[in-house]
Amino acid sequence: MSESQLWNDVDDYFTALLAPADDTLTAALRDSDAAGLPPINVAPNQGKLLQLLAQIQGARRILEIGTLGGYSTIWLGRALPADGRLITFEYDAKHAEVARGNLARAGLDKIAEVRVGPALESLPKLADENPDPFDLVFIDADKVNNPHYVEWAVKLTRPGSLIVLDNVVRSGAVTDAGSTDPSVRGTRAALELMASHPKLSATAIQTVGSKGYDGFALARVLA
Ligand SMILES: C[S@@+](CC[C@H](N)C(=O)[O-])C[C@H]1O[C@@H](n2cnc3c(N)ncnc32)[C@H](O)[C@@H]1O
């Protein structure tokens, strides 16, 4: 058995046991696939991790950068109370339309708002609204802009908030200081910012599984 087959088998076991699909999650992935969206959503057990992190945070307000078809948004939105709020940014209008349908089916359309456009344009507009601070920010969009997203996440949160940055390992390419891959460079710059930022305490974790060899960084916003 290949190593990646073993990773898949373990993910299947964990997911069936701890993060089983329901009709809403299954339909979200089905409709995303039918609309031609790429299968780059988080894995089910990763979605459950996001949900648990939001619940541990006691999150009432969540910001997501990178919606795709709203699969991770559903996991996160389910962690919120009925009067909670989730804003998710998506560049692609077709992805946003699919996500809105999936969120409506999940009964989260009153809580979760999909905003279309480049996140670096949407973020300052959001800041202009003087929103209450977000308790959790999930960053999962164009990796080249990761350092900007981390900076914005710090601005839009409060001491004690959690920032989750996805896909920080990139099959190990993250260690290549000379990489010309914009996603690797953006991820390294974001990690270096997390390491040096006076308002952040961070770590990063490698993962293997149905999404290959990757990982995520967590940062807590300090006082
Ligand atoms: C990895 S997918 C998000 C997956 C989603 N979080 C999930 O797990 O279900 C990244 C998404 O970010 C979007 N994106 C790319 N560049 C963006 C940008 N500049 N602003 C906002 N969204 C962007 C892509 O269109 C894509 O839908």
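What you see is a predicted model, and the numbers here were worked out from it, not measured in a lab. Index from 1, following the sequence. Order of listing sets the numbers, starting from 1, for every ligand and every atom in it.
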Quiz item: Among side-chain atoms of D11 and N8, is any donor-acceptor pair under 3.5 angstrom?
Solution: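 No pair is found: no donor N or O on one side chain lies under 3.5 Å from an acceptor on the other.
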
Looking at [X], which atoms of ligand 1 are within less than 4.0 Å of one of its heavy atoms?
X    : answer
V42  : 7 (C), 8 (O)
G117 : 20 (N), 21 (C)
P118 : 20 (N)
Y91  : 14 (N), 17 (C), 18 (C), 20 (N), 21 (C), 22 (N), 23 (C)
N41  : 7 (C), 8 (O), 9 (O)
A119 : 18 (C), 19 (N), 20 (N), 21 (C)

Identify the two heavy atoms, one from [X] and one from [Y], that lie closest to each other, and give their separation to 0.1 Å.
X    : Y    : value
A28  : R105 : N-NH1, 3.9 Å
G70  : L103 : O-CD2, 4.4 Å
V116 : Y91  : CG1-O, 3.8 Å
I139 : A153 : CD1-CB, 4.4 Å

Quiz item: Which is it for E90 and ligand 1 at heavy atoms under 4.0 Å: side chain, backbone, both or neither?
Solution: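 Within the 4.0 Å criterion, E90 contacts ligand 1 through backbone and side-chain atoms alike.
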
Exercise. Would you mind telling me if ligand 1 is within reach of the side chain of L120, the backbone, both or neither, using heavy atoms under 4.0 Å?
Key: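 Answer for L120: neither.
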
[X] N/O under 3.5 Å from ligand 1 N/O:
X    : answer
G70  : no
H95  : yes
N145 : no
F138 : no

Self-check item: Lys/Arg N to Asp/Glu carboxylate O, R158 vs D135, below 4.0 Å
Solution: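 Salt bridge present between R158 and D135.
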
Quiz item: Where is the nearest protein heavy atom to atom 4 (C) of ligand 1: which residue, which atom, and how far?
Solution: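 Looking at atom 4 (C) of ligand 1, the protein heavy atom closest to it is D140 OD2, 3.2 Å.
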
Quiz item: What protein heavy atom sits nearest atom 9 (O) of ligand 1, and how far off is it?
Solution: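 Answer, as residue, atom name and distance: S72 N, 3.1 Å.
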
Self-check item: salt bridge (charged side-chain N to carboxylate O under 4.0 Å, His left out) partners of residues 164-190, not counting sequence neighbours, each pair once
Solution: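 Listed by first then second residue: R188-E192.
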
Practice problem: Determine which pairs satisfy salt bridge (charged side-chain N to carboxylate O under 4.0 Å, His left out) with at least one residue from residues 51-72, sequence neighbours left out, and list them in order. | Solution: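 Passing the test, one end in residues 51-72: R60-D83.
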
Practice problem: Quick one: pull up CG in L165 and CD1 in I65 and give me the separation to the nearest 0.5 Å. | Solution: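 Between atom CG of L165 and atom CD1 of I65 there are 9.5 Å.
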
Practice problem: Closest by any non-hydrogen atom to atom 15 (C) of ligand 1: pick that one out of V116, L76, D142. | Solution: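 Going through V116, L76, D142 one by one, D142 has the nearest heavy atom to atom 15 (C) of ligand 1.
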
Quiz item: Is L63 close to L123 at the side-chain level, that is, under 4.5 Å between some pair of heavy atoms?
Solution: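 Yes, their side chains come closer than 4.5 Å.
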
Quiz item: Can W75 be said to touch ligand 1, with heavy atoms closer than 4.0 Å?
Solution: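 No, W75 has no heavy atom closer than 4.0 Å to ligand 1.
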
